[in-house]
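Structure record follows, encoded as structure tokens.
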Amino acid sequence: LPQYFPFPEIRLVTSPEACNLGLQGICRDDLAPGSWDFGHDAIASCLVNCNWRHCKALDLGSSDAPQSWHAVSMLSLGATVSVVEPRAPVAQALQDSATLNGWEKKLRVHVAKVSANPEVFAGYSHRLRQDGPEVVLPYVALDTLLSFSEHQLDFFKITADGHGQSWLRRLERLLSANSTIRIQNILVDCRRCLASLHALQ
């Protein structure tokens with residue numbers, strides 16, 4: 001990706017397997033500054049000074065472009081980022097991109113599904129492609145992800161429709177019950193989450 005203030009030039013790694021998942025946007029070689037979306041604007045506003053302060057970010061649901069590269073954009077500004085990505089090829093491409101740019105120590109990728117249930121035991125079975133084999137993924141609880149960041153987040157990004165409502169409801173309960181949780185900024189991209197967003201406000 002070309003330099004686009006405040007982001008530096010970012011080198012991206014894609015994989016043929018990821019490109020064959022129907023996520024063609026993450027495989028484009030003609031990305032330009034105009035490709036940045038509102039999420040990148042929010043990231044720039046909230047994390048612009050992270051090279052001079054210790055910032056923590058959590059990215060849930062980064063499967064589709066340009067959201068796939070939100071985590072890399074956060075890393076480029078100096079944030080320490082945890083990502084939950086159920087598609088292993090996309091997760092590997094994110095990890096490889098971080099390594100290529102020298103940010104691998106600041107990235108933690110969970111190849112898993114997020115659960116709003118704090119007690120998670122069973123795995124999640126799904127297909128990367130409709131005609132592909134089933135893959136069993138572990139669940140990771142939202143509570144656990146917050147504990148990794150010591151309950152302090154500068155930026156929390158949620159991109160989800162199917163599970164976004166349950167994540168937001170759980171987050172609202174956690175914030176209401178636990179005064180030690182501090183989240184400075186939350187970005188939600190979820191078309192069916194309006195009621196849950198109102199409760200969170």
Side-chain angles (χ1 to χ4, degrees), residues 15 17-18 20-23 26 39 56-65 67-72 74-75 79-98 104 106-178 180-183 185-197 199-200:
S15 72
E17 188 176 359
N20 289 332
L21 294 176
L23 310 177
I26 69 171
K56 298 177 185 177
L58 176 59
D59 187 355
L60 304 187
S62 58
S63 292
D64 297 321
Q67 288 86 354
S68 299
W69 306 117
H70 282 164
V72 181
M74 298 176 203
L75 289 166
T80 298
V81 184
S82 291
V83 178
V84 181
E85 172 51 64
R87 302 170 191 250
V90 179
Q92 187 61 56
L94 289 170
Q95 188 71 61
D96 291 343
S97 295
E104 67 276 9
K106 291 197 168 189
L107 177 66
R108 181 172 189 169
V109 180
H110 306 267
V111 182
K113 293 285 286 186
V114 180
S115 174
N117 186 345
E119 297 181 2
V120 177
F121 302 101
Y124 170 81
S125 179
H126 80 128
R127 298 178 189 274
L128 288 174
R129 296 172 58 92
Q130 289 185 346
D131 59 348
E134 285 197 348
V135 177
V136 178
L137 292 174
Y139 273 111
V140 59
L142 179 58
D143 300 44
T144 302
L145 293 168
L146 290 173
S147 70
F148 287 153
S149 65
E150 300 176 338
H151 294 169
Q152 307 292 317
L153 283 174
D154 295 271
F155 195 79
F156 186 7
K157 196 216 80 178
I158 298 175
T159 303
D161 282 333
H163 299 88
Q165 295 185 64
S166 62
W167 298 346
L168 290 170
R169 286 194 296 268
R170 180 60 184 166
L171 181 60
E172 191 275 330
R173 286 194 288 269
L174 288 170
L175 291 173
S176 298
N178 192 336
T180 65
I181 297 177
R182 293 285 184 271
I183 302 176
N185 304 280
I186 302 175
L187 172 64
V188 178
D189 183 4
C190 180
R191 289 181 293 274
R192 296 194 290 267
C193 296
L194 189 58
S196 300
L197 278 173
L200 187 59

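None of the values given here were measured: they were computed from a predicted structure.
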Identify the heavy atoms of Leu94 and Leu107 that sit nearest to each other, and give their distance. O-CD2, 3.8 Å

In this structure, CG of Leu153 is separated from NZ of Lys56 (nearest 0.5 Å) by 8.0 Å

Can you name the closest pair of heavy atoms from Leu75 and Ala98 and give their distance? CD1-CB, 3.9 Å

Contacts of type side-chain contact (heavy atoms from CB on, under 4.5 Å), residue Gln92, not counting sequence neighbours: Gln95, Asp96

Working to the nearest 0.5 angstrom, can you tell me the gap between Gln152 CD and Ile181 CD1? 9.0 Å

From Asn185 CG over to Leu187 CG, what is the distance, rounded to the nearest 0.5 angstrom? 9.5 Å

Looking at every non-hydrogen atom in both residues, tell me the closest pair between Val84 and Ala112 and how far apart they are. CG1-O, 3.4 Å

Quick check: closest heavy atoms across Glu85 and Ala91, and the distance to 0.1 Å? CG-N, 3.7 Å

What one should report as the nearest heavy-atom pair of Ser166 and Ala116 is O-CB, 3.4 Å

Option from Val83, Thr144, Leu145, Leu60 for which side chain to side chain contact (heavy atoms under 4.5 Å, CB included) with His110 holds: Leu145

In the structure I gave you, are the side-chain heavy atoms of Leu171 and Phe156 within less than 4.5 Å of one another anywhere? yes

Just so I know, are the side chains of Arg169 and Glu172 near enough to count as touching, which here means a heavy-atom distance under 4.5 Å? no

Atom pair CG (Leu146) and CG (Leu174), whose distance is rounded to the nearest 0.5 Å: 6.5 Å

Quick one, Ile183 and Leu58 - any side-chain contact, counting heavy atoms below 4.5 Å? no

If you take all heavy atoms of Ser115 and Tyr139, which pair is closest and at what distance? CB-CD2, 3.8 Å

